[in-house]
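Read the structure below first, then the notes.
First the proteins, then the strands, lettered A, B, ... as listed; each starts at 1. For the numbers below, each heavy atom of this structure counts, side chains included, while hydrogens, waters and symmetry mates do not.
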2 protein chains.
Amino acid sequence: MAPALASVEAEASADLIRAAGVKVTRGRVRVLDALHAARQPLSHAEVEARLGDASDPAVDRVTLYRILDSLVACGLALKAVDTRGVFRFSAAGAQRQHANHVHFRCTDCGGVFCLKAEPPPPPRLPRGFRLNEVAFDLRGTCAGCSSRVGV
Amino acid sequence: MAPALASVEAEASADLIRAAGVKVTRGRVRVLDALHAARQPLSHAEVEARLGDASDPAVDRVTLYRILDSLVACGLALKAVDTRGVFRFSAAGAQRQHANHVHFRCTDCGGVFCLKAEPPPPPRLPRGFRLNEVAFDLRGTCAGCSSRVGV
DNA sequence: GCGCAAACGCAACCTTGTTGCATTTAAATG
DNA sequence: CATTTAAATGCAACAAGGTTGCGTTTGCGC
């Protein structure tokens with residue numbers, strides 16, 4: 001039963017939103033659900049498409065922008081920019097699985113590959129600097145693109 | 001004498017453009033000059049502002065986009081996207097000075113700081129992967145922003 | 001249920017970036 | 001040097017992404 005599952009997810013999202021200290025609205029719950037269900041960060045347009053169900057109309061474009069910003073502001077979502085300059089949003093916590101290993105970005109196809117290696121310890125920072133996150137990104141061509149070029 | 005210096009720079013840019021196998025036009029020379037003179041990657045608007053001199057009018061907005069793209073296409077410039085989703089362009093070669101050390105990006109003010117430490121050796125890659133570049137980026141708050149928050 | 005601040009929907013607007021087309025120009029050729 | 005041609009430019013219009021202002025609705029504390 002899909003509705004039951006959806007309802008459970010909505011409850012979880014609603015609780016998160018309530019705990020964040022902001023109003024629980026249908027729009028926020030549905031957007032946060034969509035972000036949680038997605039495996040990759042979603043653009044504004046992608047979120048809009050996933051909410052545009054037949055039963056109930058999608059939220060307003062501007063409201064969606066504000067919902068996304070509000071989720072970011074209260075720490076439930078993260079905002080990043082992709083290679084085309086478009087903002088992408090992901091549910092907070094989803095990135096933690098990507099925080100502690102190394103990424104390989106293919107400059108040819110744009111794909112991102114997660115390597116098993118752990119990032120090395122960060123060097124000493126100047127006085128007053130506070131470290132939050134370490135990103136160790138390698139760039140090059142992946143196996144698929146390397147072989148395709150050779151053909 | 002500034003004009004003499006500018007002329008020398010223009011000659012160098014013109015030679016680079018000629019060597020790249022594309023037409024040498026006034027617009028391309030001036031844009032490449034601007035990119036070389038800049039210490040940071042410039043946005044389209046910033047390039048436009050630097051070319052908008054009193055003596056001769058700035059190039060057309062669209063033409064500037066095409067000039068920047070053509071410089072990227074022939075390998076004389078690099079295109080990247082900043083945290084606001086805006087494309088920034090830098091002269092090719094200028095990035096090499098940033099390739100071999102660690103960067104600290106302040107998530108508060110957006111500033112980038114170059115640390116003295118060298119990046120650690122990359123881990124072993126899966127078969128077929130080719131490595132071109134290593135980026136070891138630390139994220140957090142810089143000294144200035146940390147102290148300002150504390151006040 | 002009542003009241004109020006927060007959230008929403010709508011319209012208009014701004015910035016960044018792109019496309020089509022007529023005109024100009026770099027530079028190769030004779 | 002004159003001719004020629006493909007590339008580059010300028011202009012207008014457009015498209016996508018994102019923001020602002022404002023009146024209306026709604027979550028939620030009382």
Side-chain angles (χ1 to χ4, degrees), chain A residues 10-11 13-34 41-52 56-89, chain B residues 10-11 13-34 41-52 56-74 76-89 110:
Chain A
E11 276 307 308
S13 289
D15 287 345
L16 285 170
I17 294 168
R18 210 185 327 272
V22 296
K23 283 189 184 177
V24 179
T25 67
R26 189 169 41 173
R28 281 185 184 156
V29 171
R30 297 176 63 195
V31 170
L32 189 53
D33 272 349
L42 300 180
S43 68
H44 171 276
E46 287 166 352
V47 175
E48 198 171 27
R50 298 190 183 206
L51 295 190
D56 36 5
V59 295
D60 180 70
R61 215 173 66 90
V62 176
T63 301
L64 178 51
Y65 274 114
R66 290 199 267 235
I67 287 175
L68 289 167
D69 280 341
S70 76
L71 291 178
V72 171
C74 68
L76 291 177
L78 290 151
K79 186 179 188 176
V81 65
D82 70 8
T83 53
R84 283 189 330 219
V86 177
F87 290 128
R88 293 190 165 268
F89 300 84
Chain B
E11 276 307 309
S13 290
D15 287 345
L16 285 170
I17 293 168
R18 209 184 328 272
V22 295
K23 283 190 184 177
V24 179
T25 67
R26 189 168 41 175
R28 282 187 183 152
V29 172
R30 297 176 64 193
V31 170
L32 190 53
D33 273 348
L42 300 180
S43 69
H44 171 275
E46 287 166 352
V47 174
E48 198 170 26
R50 298 190 183 205
L51 294 190
D56 37 3
V59 295
D60 181 69
R61 215 174 65 88
V62 177
T63 300
L64 179 51
Y65 274 113
R66 291 200 266 235
I67 286 174
L68 288 168
D69 281 340
S70 74
L71 291 178
V72 171
C74 69
L76 291 176
L78 290 151
K79 186 180 187 175
V81 64
D82 70 7
T83 53
R84 283 190 329 221
V86 178
F87 290 128
R88 292 189 166 267
F89 300 84

*Between B/K23 and A/F89, name the one whose nearest nucleotide on DNA chain D is closer to the 5' end.*
B/K23

*Base, sugar-phosphate, or nothing for B/V62, non-hydrogen atoms under 4.0 angstrom?*
base

_So A/T63, base contact, sugar-phosphate only, or nothing? Heavy-atom distance under 4.0 Å._
base

*asked:* If you assign B/V22 and B/V86 each to the DNA chain C nucleotide with the nearest heavy atom, which residue ends up on the more 5' nucleotide?
replied: B/V86

*A/R18 CZ to D/dG29 P: how many Å, rounded?*
9 Å

*Where the side chain of B/T25 is defined as all heavy atoms beyond and including C-beta, which of C/dA26, C/dA7, D/dG17 is the nearest nucleotide?*
C/dA26

*With heavy atoms under 4.0 Å as the rule, sort B/R61 into base, sugar-phosphate or nothing.*
base

*Per A/Y65 side chain, nearest of listed nucleotides D/dA8, C/dG17, D/dT19*: D/dT19

*Between A/D69 and A/R66, is there a side-chain N and carboxylate O pair less than 4.0 Å apart?*
no

*Check: B/Y65 ring centre within less than 6.0 Å of B/H44 ring centre*: yes

*Check whether any side-chain heavy atom of A/V72 sits under 4.5 Å from a side-chain heavy atom of A/L78, and report yes or no.*
no

*asked:* Rounded to whole Å, please give me the gap between CD1 in A/I67 and C1' in D/dT25.
replied: 14 Å

*How is B/R66 classified with respect to the nucleic acid when contacts are heavy atoms under 4.0 Å: base, sugar-phosphate, or nothing?*
base

*Can a cation-pi geometry be assigned to B/K79 and B/F89, taking NZ or CZ under 6.0 Å from the six-membered ring centre and within 45° of the ring axis?*
no

